[in-house]
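Down below is the structure, laid out as structure tokens.
Since this is a predicted model, take the numbers as computed values, not measurements.
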Amino acid sequence: MAEKYFQQSYWSGGLSESELLGPKGSFSKSFGVDIHETPGAIKAAYAPTKESAGTVTDLCTFAIDASDGNSYWFSDKGTIYKRTSGGAWGTVYKEVLITAIKGAAEFEGNLYWVAGGTIRKKIFPGAGDWTDVTLNWGTISSTTYHPILDVGLYLLIGGNTTIDSIDSSTGTLTKGGITSVTLAELPSTYAITSLIKYGIDILVGTSVSGAGLNTKLLRWDLASPTWTQDIDVPEDKINSILLTNNRVFLQAGSLGKIYEYNGTDVIPFRTLASGQTAKTYSPQSVANYKGVGYFGITDTNAATLPGLYALGRKNTSYPVSLCHQFVPSPEAVNDLRVGAMLSGYDTSDNEFLLFAWQHSTGTFGVDKLGTSRYNGAYVETQAIDGNPQKQKTFGNYVVSYKALPANTNISCEYYKNFASGTSGVISLTNKSDYNNMVSNAKIEAGAMKFKLILGTDGSDTPEISSFYCDFNEKSVL
């Protein structure tokens, strides 16, 4: 019998696209873990808690951090909520016809939002009872979302097939471009879905209707009458665009595809779970927090797991990697939408991250990051099968840890022969003199995959540094 072993002591590769193969240091699945805080270690991430109590009763798809020190959240049922810097929530406005709000921004002393095909305007802060709202300030060609972007001289508003703008000096609305430039319209099969700054240019995500057509990523310099770059993307929609660590990532289509734009081309980067339904729901289901980018992923099945996926790296010494990090407070593994996400700094210069959600049970809310670590966070290794033709006896398991605070624990479950659910538990014994959790349980299998689970206590979490197991291969028959 030939003894072989598997050892993983590097976790910065993040999620792979398959349990059979992945980049160096990758794992096949994660839930509620942080691989970026301490490179080389797996920790449980902080657990979000519902802050909005019973105030928020619909899904907020847009949010702004306003100049009055409050944030404002705009919902798909026409409600506008206010969150104070101290975390108090209230309702400040509601659309009479329960019309979805499709975009919002503060600009030059005014608050603008789009409801249906109409642009609303409010002097900001203005009247505390919101009686100074101009309901029909302007019109726009209606589509699913109207992303709004402040570029200094102009406030750009994504229309259906073009970009409208509000001039900062005159406050006037220009259809199809800016004051000095008329921008050519897209073909009628396309609609604008997202806008972000890219240096002195802007990037525009689109959707497309019609079988067999590719959507587009567009670039505009705000000076030319046509798009300065027009790139086909083999999906039906660019749902959101994330600029993080000076790199641009797109979440496109409904199957969890993430692409990277490198300034010239759009190239595939990663898939959350091959063939499974997963996407960002709103163009604002993205954020940056503590130097890492996040996609808020909506899912309808447990194969991908909804929540906030971290996409980033500690610094340039490490690869850009993806992992499931923040678990929304309903702790759902399916049927959950993530709406608007908002990050920034509060009045005490503390960094914050907030995000809206809707669960299939009919509950809604906005979460903030709590101070406790998520209990039950886990990673799953790649499948270990050595020579696939040979029978194997697995044994001698070692989970090494950097830290195991009092009242925390590490447990291990396993999947035998690509089982869809866990096949059993490996009981670990703590050898604290060596910072190892060990077992010599013998398991007969052709292939094994291991699930390492972190038991937390308040703000304390174990820190896993490596996993080892060995196995003996026997005859084919």
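Atom CD1 of I267 has more than 12 neighbouring heavy atoms from other residues, nucleotides or ligands inside a 6.0 Å radius. Heavy-atom neighbours of L20 CG from other residues, nucleotides or ligands within 6.0 Å: above the threshold of 12. With a 6.0 Å radius and a threshold of 12 heavy atoms from other residues, nucleotides or ligands, K77 has its NZ atom at or below the threshold. The 12-atom threshold is not exceeded at CD1 of I123, counting heavy atoms of other residues, nucleotides or ligands nearer than 6.0 Å. Applying the 6.0 Å contact sphere to NZ of K94 captures more than 12 heavy atoms from other residues, nucleotides or ligands.
Put simply, the residue from L111, I148, L342 that forms a side chain to side chain contact (heavy atoms under 4.5 Å, CB included) with I64 is L111. Applying side chain to side chain contact (heavy atoms under 4.5 Å, CB included) to P306 and the options V327, D335, L336 leaves one that passes, L336. Paired with L308 under the rule side chain to side chain contact (heavy atoms under 4.5 Å, CB included), one option of L353, I297, D367 passes, and it is L353.
Side-chain atoms of Y415 and E380 include a donor-acceptor pair closer than 3.5 Å. Using modelled atom types, one finds no donor on one side chain facing an acceptor on the other under 3.5 Å when comparing S343 with N288. A side-chain donor-acceptor contact under 3.5 Å links Q251 and T280. Of the N and O atoms on the side chains of S16 and S18, not one donor lies less than 3.5 Å from an acceptor on the other residue. Under the 3.5 Å distance criterion, with hydrogens and angles disregarded, no donor-acceptor pair is assigned to the side chains of T215 and E235. In this structure, a donor-acceptor pair under 3.5 Å is present between the side chains of T363 and T361. Between D221 and T228, the side chains place no donor N or O within less than 3.5 Å of an acceptor N or O (distance only, hydrogens not considered). Side-chain contact of S71 with W73: a donor-acceptor pair under 3.5 Å is present, judged by distance alone.
For residues 97-111, the set of pairs meeting the salt bridge (Lys or Arg N to Asp or Glu O under 4.0 Å) definition, not counting sequence neighbours, is empty. Identified under the ring pair (Phe, Tyr, Trp, His ring centres under 6.0 Å) test for residues 334-377, with sequence neighbours left out: F31-Y374. Within the structure, every pair that satisfies the salt bridge (Lys or Arg N to Asp or Glu O under 4.0 Å) test and touches residues 31-41, not counting sequence neighbours, is listed here: E37-K43, E37-R373. Pairs passing the ring pair (Phe, Tyr, Trp, His ring centres under 6.0 Å) check and including a residue from residues 140-179, sequence neighbours excluded, read F62-Y145. For residues 110-126, the pairs satisfying salt bridge (Lys or Arg N to Asp or Glu O under 4.0 Å) are E95-R120, K122-D132, with sequence neighbours left out. Under the salt bridge (Lys or Arg N to Asp or Glu O under 4.0 Å) criterion, the residue pairs touching residues 81-92 are E51-R83, with sequence neighbours excluded.
Between the S168 side chain and the L153 main chain, a donor and an acceptor come within less than 3.5 Å of each other. A donor-acceptor pair is defined here as one N or O able to donate and one able to accept, closer than 3.5 Å; such a pair exists between the side chain of S52 and the backbone of V366. At least one donor-acceptor pair closer than 3.5 Å links the side chain of S28 to the backbone N or O of T381. Not one N or O on the side chain of H324 forms a donor-acceptor pair closer than 3.5 Å with the backbone of Y309. A distance-only check finds a donor-acceptor pair linking the side chain of N417 to the backbone of A447 [under 3.5 Å]. In this structure a side-chain-to-backbone donor-acceptor pair under 3.5 Å is missing from S85 to N70.
Smallest separation of non-hydrogen atoms from Q382 and S26: NE2-OG, 3.1 Å. Annotation for S30 and V379: closest pair CB-CG1, 4.1 Å, computed over non-hydrogen atoms. The two atoms that bring L195 and I157 nearest to each other are CD1-C, 4.5 Å, heavy atoms only. Across V204 and I241, no two heavy atoms sit closer than the pair C-CD1, 4.4 Å. Summarising the geometry of L272 relative to L322, their closest heavy-atom pair is CD2-CD2, 3.3 Å, with the distance given to 0.1 Å. Taking both residues in full, the closest heavy atoms of I464 and W11 are given as O-NE1, 4.1 Å, listed atom of the first, atom of the second, then distance.
Taking OG of S194 as the start and CD1 of I238 as the end, the distance is 6.0 Å to the nearest 0.5 Å. L217 CG to D265 CG: the interatomic distance, rounded to the nearest 0.5 Å, is 11.0 Å.
For Y294, the ring pair (Phe, Tyr, Trp, His ring centres under 6.0 Å) test picks out F326, with sequence neighbours left out. Partners of R247 by salt bridge (charged side-chain N to carboxylate O under 4.0 Å, His left out), not counting sequence neighbours, listed by chain and number: E260. Residues that satisfy the ring pair (Phe, Tyr, Trp, His ring centres under 6.0 Å) test with F450, not counting sequence neighbours, are Y397, F467. Applying the ring pair (Phe, Tyr, Trp, His ring centres under 6.0 Å) test to F27 and every residue at least two apart in sequence or in another chain returns nothing. Take F249 and apply the ring pair (Phe, Tyr, Trp, His ring centres under 6.0 Å) test, not counting sequence neighbours, and it matches F269. Residues satisfying the salt bridge (charged side-chain N to carboxylate O under 4.0 Å, His left out) criterion with D167, sequence neighbours excluded, are absent altogether.
Salt bridge annotation for K175-D164: absent, with no cationic side-chain nitrogen under 4.0 angstrom from a carboxylate oxygen.
The aromatic rings of Y93 and W113 sit perpendicular to each other, their planes meeting at more than 60°, with 30° as the lower class boundary.
The aromatic ring centroids of W220 and Y198 lie 6.0 Å or more from each other.
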Item to complete: Just do the side chain to side chain donor-acceptor pair (under 3.5 Å) check on T161 and E185 with the steps written out, would you?
Response: CA-CA 5 Å; T161 57; E185 288 198 39; 2.6 Å; yes
Discussion item. Could you walk me through whether I178 and L156 satisfy the side-chain contact (heavy atoms from CB on, under 4.5 Å) test, starting with their C-alpha distance in whole Å, then the side-chain angles of each, then the deciding distance to 0.1 Å, before giving a yes or no?
Written reply: CA-CA 8 Å; I178 58 177; L156 304 180; 4.1 Å; yes
Worksheet entry | Worked verdict on V233 versus K216 for side-chain contact (heavy atoms from CB on, under 4.5 Å) | CA-CA 5 Å; V233 179; K216 295 178 179 292; over 6 Å; no
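A cation-pi arrangement, defined by a distance under 6.0 Å to the six-membered ring centre and an angle within 45 degrees of its axis, is absent between K449 and Y414.
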